[in-house]
Amino acid sequence: MPHFVTHLESAIDGTQFPSDSVQTLHAGRPLWVRYDLDAVKTNMTKSDVFSRKPTMWRYRELLPIGTDPIEVSLGEGMSPLLSCPELGKQLGLAQLSIKDESQLPTGSFKSRGLSMAITMAKKLGINRVAIPTAGNAGGAMAAYAARAGLESFVFMPEDTPVVNQYEADFFGAKTFRVNGLINDCGKLIREGATEMNWFDLSTLKEPYRIEGKKTMGLELAEQFGWKLPDVILYPTGGGTGLIGMWKAFNELRKMGWLDSATMPRMVSVQSDGCSPISDAFDRGERFAQPHVNAVTKASGLRVPVAVGDFMILDAIRESNGRALSVDETRISDWTRQACSKEGISLCPEAGACVGALQQLREEKWIDENENVVIFNTGALQKYVEVMTSNLITIDLDRPVDWSRLGSTD
Ligand SMILES: *Cc1c(COP(=O)(O)O)cnc(C)c1O
């Protein structure tokens with residue numbers, strides 16, 4: 001048997017579907033990939049994992065490809081877990097780390113999900129894919145489609161960050177700028193599906209992106225010696241990363257691979273410019289209301305409607321976690337604070353997590369000795385629109401005023 005997937009399962013009502021078949025949503029909601037975890041455990045040991053290449057494919061028995069060697073890869077995964085003593089000191093934390101996804105192919109953690117989704121699309125015989133995006137997903141899909149030799153189409157709102165527009169184009173996708181929002185882009189893809197015969201790779205509309213994102217949780221467990229941290233802060237848009245990590249921890253626990261007795265408290269972070277998940281959490285609801293007039297420069301957080309809302313909220317509550325939104329106007333400052341303290345290329349989405357962490361420390365919801373991880377989901381370099389400037393201009397036609405360059409003591 002090449003893989004250990006038993007079936008696909010509706011997250012909303014448990015209906016089962018066969019693996020090895022093309023599937024999208026059921027009842028408008030996502031599907032889980034389910035495994036024979038006993039068989040995985042028999043066929044993969046911790047030392048197998050340890051001896052393999054440092055990519056996300058090192059956990060292959062716990063992924064839909066199993067032992068099949070075919071993978072569409074650009075070397076994604078095993079991102080560094082960096083300890084952050086200076087930022088930790090500022091926030092009153094003895095053990096703060098950042099899992100740095102900025103170093104992944106195409107500069108964001110989107111490469112994990114799309115590497116997996118494109119791998120499976122290719123295996124299932126799909127040769128044309130389309131995606132709506134307002135940020136990093138389009139470039140990542142285009143890159144992996146190029147790698148796999150698939151034809152790709154990317155639709156994005158015209159106010160999408162400029163780097164995201166051009167990267168999709170350079171990676172060979174037919175790229176469209178739409179004078180509307182991301183849901184308008186999604187609608188175009190649905191409307192064109194028959195005529196264009198493309199497969200819709202929208203967030204969570206196919207089952208495999210979560211499995212790629214799951215590897216963030218598997219790596220974290222391995223990097224902490226199969227003990228999990230106390231708190232994880234994750235910037236939430238469509239929620240694939242948070243959902244995927246929680247799935248990873250549960251699968252590892254069922255396999256008996258975890259040495260820690262407790263599971264991490266999952267903290268979902270959004271901007272107050274687009275906060276459907278934190279609003280639903282505050283109201284005690286399982287499903288989110290669409291956020292009207294969603295505005296945030298942290299483009300990965302600008303998801304007014306998440307098809308997996310209940311999966312995010314279930315994971316947060318099961319973990320005794322929190323969902324909160326932070327002040328949009330301060331995201332750039334928090335991002336700069338972390339970049340300048342630690343030298344890590346922090347994206348504004350992770351900057352929002354720094355703000356959330358500050359709040360949770362002030363509330364004493366997080367204790368100073370707890371082990372805390374922030375996910376830096378992307379690279380600062382992709383966000384020229386967010387960058388504020390302290391740059392000083394020098395005019396060579398005039399004498400330099402050295403006092404403006406800063407004091408020497
Ligand atoms: C897409 C994205 C997010 C949100 O991720 P989800 O898993 O969809 O919630 C966060 N940060 C960055 C940089 C992103 O590109």
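Whatever order the structure lists them in is the order used to number ligands and atoms, beginning at 1.
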When you check ligand 1 against the protein, what N or O pairs turn up below 3.5 Å? List the atom names and distances, or just say none.
| residue | atom | partner | partner atom | Å |
| --- | --- | --- | --- | --- |
| ligand 1 | 5 (O) | Tyr234 | OH | 3.4 |
| ligand 1 | 7 (O) | Tyr234 | OH | 2.6 |
| ligand 1 | 7 (O) | Thr240 | N | 3.1 |
| ligand 1 | 7 (O) | Thr240 | OG1 | 2.8 |
| ligand 1 | 7 (O) | Gly241 | N | 3.0 |
| ligand 1 | 8 (O) | Gly238 | N | 3.0 |
| ligand 1 | 8 (O) | Gly239 | N | 3.3 |
| ligand 1 | 9 (O) | Gly237 | N | 2.7 |
| ligand 1 | 9 (O) | Gly238 | N | 3.3 |
| ligand 1 | 9 (O) | Gly239 | N | 2.6 |
| ligand 1 | 11 (N) | Thr377 | OG1 | 2.7 |
| ligand 1 | 15 (O) | Lys110 | NZ | 2.8 |
| ligand 1 | 15 (O) | Asn136 | ND2 | 2.8 |

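- Every residue two or more places apart in sequence or in another chain was checked for a ring-ring contact (aromatic ring centres under 6.0 Å, His included) with Trp365, and none qualifies.
- Remark: Glu370 does not engage Arg361 in a salt bridge, criterion side-chain N to carboxylate O under 4.0 Å.
- With sequence neighbours left out, Phe287 forms a ring-ring contact (aromatic ring centres under 6.0 Å, His included) with Phe310.
- With respect to the salt-bridge test (charged N to carboxylate O, under 4.0 angstrom), the residues Asp309 and Arg29 qualify.
- The closest side-chain donor-acceptor pair between Gln90 and Glu86, if any, does not fall under 3.5 angstrom.
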If you look only at distance, which donor and acceptor atoms sit under 3.5 Å apart when one is on a side chain in residues 152-159 and the other is two or more places apart or in another chain?
| residue | atom | partner | partner atom | Å |
| --- | --- | --- | --- | --- |
| Asp159 | OD2 | Arg302 | NH1 | 3.1 |
| Asp159 | OD2 | Arg302 | NH2 | 3.1 |

